[in-house]
Amino acid sequence: FIETLRDGRVTDPTEQQRGLRIVGQELERLDGLVGKLLELSRIEAGRHPFERRPLKASALVKEALTGLEAVRMGTAVNLEVEVDETLEVLGDKGALGQVLVNLLVNAWKYTPAENKFISIRVYAQKKHVVFDIEDNGDGIPASERSFIFDTFERGRRAIESGTQGSGLGLAIVRAITVAH
């Protein structure tokens, strides 16, 4: 599109604007991808400045659900939330929120359009706090579970369905979780 516009091959102003809009969208997508790659590299290299402080697990879940709402924009989903209000975690609020949002959005994206069900349960297990997110999608086949959290990896079903994704979301989830 850039070459076409630069060379003057499109003279219709409406088509020029359409081309510029597409170029702009692609630049934003690439900028986001580069940002995610840089963030992942910093986390994996141990150079990401995590701010560790006590956080209410319920507040993290509430913010993550707001993030999910922004993505699903009112589409129907049956949400079940069960959080022990007394639980606190030590961690970086933004990073842990990103983990939860990524997992919730994946649960939403890869669950059939009809009768979507997502549950999030937060509970104590020995010295850890468990954030358990479940959906009623097909799940990740056992053969893909060993690599689905690797950089640029996407499941076969995600690719075949044409669902958008870069293969960085779960890699970032893993990196943040390991760092914490």
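- Follow the hydrophobic side-chain contacts under 4.5 Å out from Ile120 and you reach Val71 in the same cluster.
- Within the structure, ring-ring contact (aromatic ring centres under 6.0 Å, His included) contacts touching residues 71-93 (residues at least two apart or in different chains) do not occur.
- No more than 12 heavy atoms of other residues, nucleotides or ligands shown are found within 6.0 angstrom of CD1 on Ile2.
- Identified under the ring-ring contact (aromatic ring centres under 6.0 Å, His included) test for residues 21-41, with sequence neighbours left out: none.
- Linking Ile, Leu, Val, Met, Phe, Trp and Tyr residues whenever their side-chain heavy atoms come within less than 4.5 Å leaves Phe147 and Leu103 in two separate clusters.
- Counting only residues at least two apart or on different chains, the side-chain hydrogen bond (donor to acceptor under 3.5 Å, both in side chains) pairs with a member in residues 100-109 are Thr75-Trp108.
- For Phe50, the ring-ring contact (aromatic ring centres under 6.0 Å, His included) partners at least two apart in sequence or on another chain are His48, His180.
- Between Glu39 and Arg42 there is no salt bridge, since none of the side-chain N atoms of the basic residue sits less than 4.0 Å from a carboxylate O of the acidic one.
- Every residue meeting the salt bridge (Lys or Arg N to Asp or Glu O under 4.0 Å) condition with Glu63, not counting sequence neighbours, appears here in chain and number order: Lys93.
- A salt bridge does not link Glu88 to Arg53: none of the charged side-chain nitrogens sits closer than 4.0 Å to a carboxylate oxygen.
- Side-chain N or O atoms of Gln98 include none that pairs as donor or acceptor with a backbone N or O of Val173 at under 3.5 Å.
- The main-chain N or O of Arg9 is never found under 3.5 Å from a side-chain atom of Asp7 such that the two would form a donor-acceptor pair.
- Looking at Asn136, its side chain does come within 3.5 Å of a backbone N or O of Phe117 through a donor-acceptor pair.
- Qualifying side-chain hydrogen bond (donor to acceptor under 3.5 Å, both in side chains) partners for Asp132, counting only residues two or more places apart in sequence or in other chains: Arg121.
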